[in-house]
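Throughout, a chain's letter reflects where its sequence line sits, starting with A, and its residues are numbered from 1.
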Number of protein chains: 2
Amino acid sequence: MKPSDPSPPAGLRQKLVDAATLALDAGAGEPSLRALARDLGVSAMASYRHFPDKAALMAAVVAQGFVRLSATLAAADASAPGMQALVAQGLAYVDFAMAQPGLFRLMFSPAGQADNAAAARAQAYNRLSARVAALQPGNPAAATLACWAVVHGLAVLQLDHALATSREELREALAVAIRGLGVEQQAVNPPETRG
Amino acid sequence: MKPSDPSPPAGLRQKLVDAATLALDAGAGEPSLRALARDLGVSAMASYRHFPDKAALMAAVVAQGFVRLSATLAAADASAPGMQALVAQGLAYVDFAMAQPGLFRLMFSPAGQADNAAAARAQAYNRLSARVAALQPGNPAAATLACWAVVHGLAVLQLDHALATSREELREALAVAIRGLGVEQQAVNPPETRG
DNA sequence: CGGGGTTTGTTTACAGTGTAAACTACAGCG
DNA sequence: CGCTGTAGTTTACACTGTAAACAAACCCCG
């Protein structure tokens, strides 16, 4: 309203995305556009200057979520060598899901499949894929799929179920699973010829 | 209304559950109570005689979903011996998700965590657990967790992503993952002593 | 400096939703 | 017969997403 408003002019779009992300993880499902607008001190229709509809806002939230997940995975990957980097990525993945359950759920819901978010999603997938390919040049596609499945499955089950699984147990389960997937042979030891 | 109504008197509850299940998989997210009532030729408030609120209806849908999933897993488990039963369960799990994506998503969403559905969910979990325990008496908890994670992860990723993964590729990935998880050693051959 | 066009927001309005409240029709049973 | 419980109804309200029309603030060019 007044020019003395303390916020920069073009900030609403990002503020909407951030507020929606925050509200998602605050518990009660998808926030309403009107509630978001109220929280930001703005009219109910303001968001329509930045997004064609609510789904587009949510898609932007999802896209930002995948960007952040991707960055988290990259950091985890860099934190350890070889196969341990893969386990670290898996742990980071599960940690992300537990830290932002609402966002994570949205990212893997029909709302998260908007074309808008496809690029960011692919980038996150590539973090894992690259590490798997580095560890097992033979059949990276299948191995990546299996790795992502394990990690994603653990995250979702942990979220849904509140399996009282400690972080240590998770780490062990991840390590066992990844080792089992035939990814490790070339990593820890120098490569041996193997069928 | 009339006594000549072709349905038994207490049938509305089940009809609501079935219609909701159907509508879920017909595509457009959670159906509205009013739309369900309209489809069933009944007033908007009728469902409140059978469920305290919409969440309770959805919880009933989820519970029925888990019962059916459990039955599907049991049938798959009985269709093959030993480790192949585990792979069969995994395939059946993914098939279930693909055949009823809306229901499956609901089952693993916050709505699916209602206490109402807990028993049915546990029953489905036990299908897998029992088979894993039979194959690997050593550490069934961790192995079950990992197996479920792989299977559930594959299902979710397939659903979200439309990974153009054929059923045959899925079967192979499942077999590889399950074999890798250290479940197979005692199954196919007579048990050998193994660390 | 002024003036038009774009951007960003506003108010108003409407259809659709979940649900509370009060009411009606009907079953079985004393 | 009346009493009571069950299954359903109509009405009403607060809330949602969103279309339409309008207003103020910015940018850029003269």
- Query: Can you name the side-chain hydrogen bond (donor to acceptor under 3.5 Å, both in side chains) partners of Asp39(A), sequence neighbours left out?
  - Reply: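 side-chain hydrogen bond (donor to acceptor under 3.5 Å, both in side chains) list for Asp39(A), sorted by chain: empty.
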- Sequence neighbours left out, what passes ring-ring contact (aromatic ring centres under 6.0 Å, His included) with Phe66(B)? Give chain and number order.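 Here the qualifying residues are Phe108(B).
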- Item | Selection: residues 19-30 of chain B, any non-hydrogen atom under 4.0 Å of DNA chain C |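 Of all residues in residues 19-30 of chain B, none places a heavy atom under 4.0 Å from DNA chain C.
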- Message: I'd like to check the side chain to side chain contact (heavy atoms under 4.5 Å, CB included) partners of Ala56(B); sequence neighbours left out, ordered by chain and number.
- Response: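 Once residues adjacent in sequence are excluded, the partners of Ala56(B) under the side chain to side chain contact (heavy atoms under 4.5 Å, CB included) criterion are Phe51(B), Pro52(B), Asp53(B).
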Atom pair distance, as rounded to whole Å: [atom1] in [X] and [atom2] in [N]:
{"X": "Leu16(A)", "N": "dG17(D)", "atom1": "CG", "atom2": "C1'", "value": "14 Å"}
{"X": "Met58(A)", "N": "dG17(D)", "atom1": "CE", "atom2": "P", "value": "8 Å"}
{"X": "Leu36(A)", "N": "dC15(D)", "atom1": "CG", "atom2": "P", "value": "16 Å"}

- Donor-acceptor under 3.5 Å (Asp25(A) side chain, Ala99(A) main chain):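 Here the side-chain-to-backbone pair does not exist.
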Residues which pass salt bridge (charged side-chain N to carboxylate O under 4.0 Å, His left out) with [X], listed by chain and number, not counting sequence neighbours:
{"X": "Arg171(B)", "answer": "Glu168(B)"}
{"X": "Arg121(B)", "answer": "none"}
{"X": "Arg38(B)", "answer": "none"}

- Message: One character per nucleotide, please: for nucleotides 12-20 of chain C, 5' to 3', B when the base has a protein heavy atom closer than 4.0 Å, S when only the sugar-phosphate does, - otherwise.
- Response: BB---BBBB
Enumerate donor-acceptor pairs with a distance under 3.5 Å from any side-chain N or O in residues 83-96 of chain B to protein atoms, sequence neighbours excluded.
residue	atom	partner	partner atom	Å
Gln89(B)	NE2	Asp77(B)	OD1	2.7
Gln89(B)	NE2	Arg127(B)	O	3.4
Tyr93(B)	OH	Trp148(B)	NE1	2.8
Tyr93(B)	OH	His152(B)	ND1	2.7
Asp95(B)	OD1	Arg167(B)	NE	3.0
Asp95(B)	OD2	Arg167(B)	NE	3.1
Asp95(B)	OD2	Arg167(B)	NH2	2.5

- His50(A) side-chain N/O to dT7(C) phosphate OP1/OP2 under 4.0 Å: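 For dT7(C), neither OP1 nor OP2 has a side-chain N or O of His50(A) closer than 4.0 Å.
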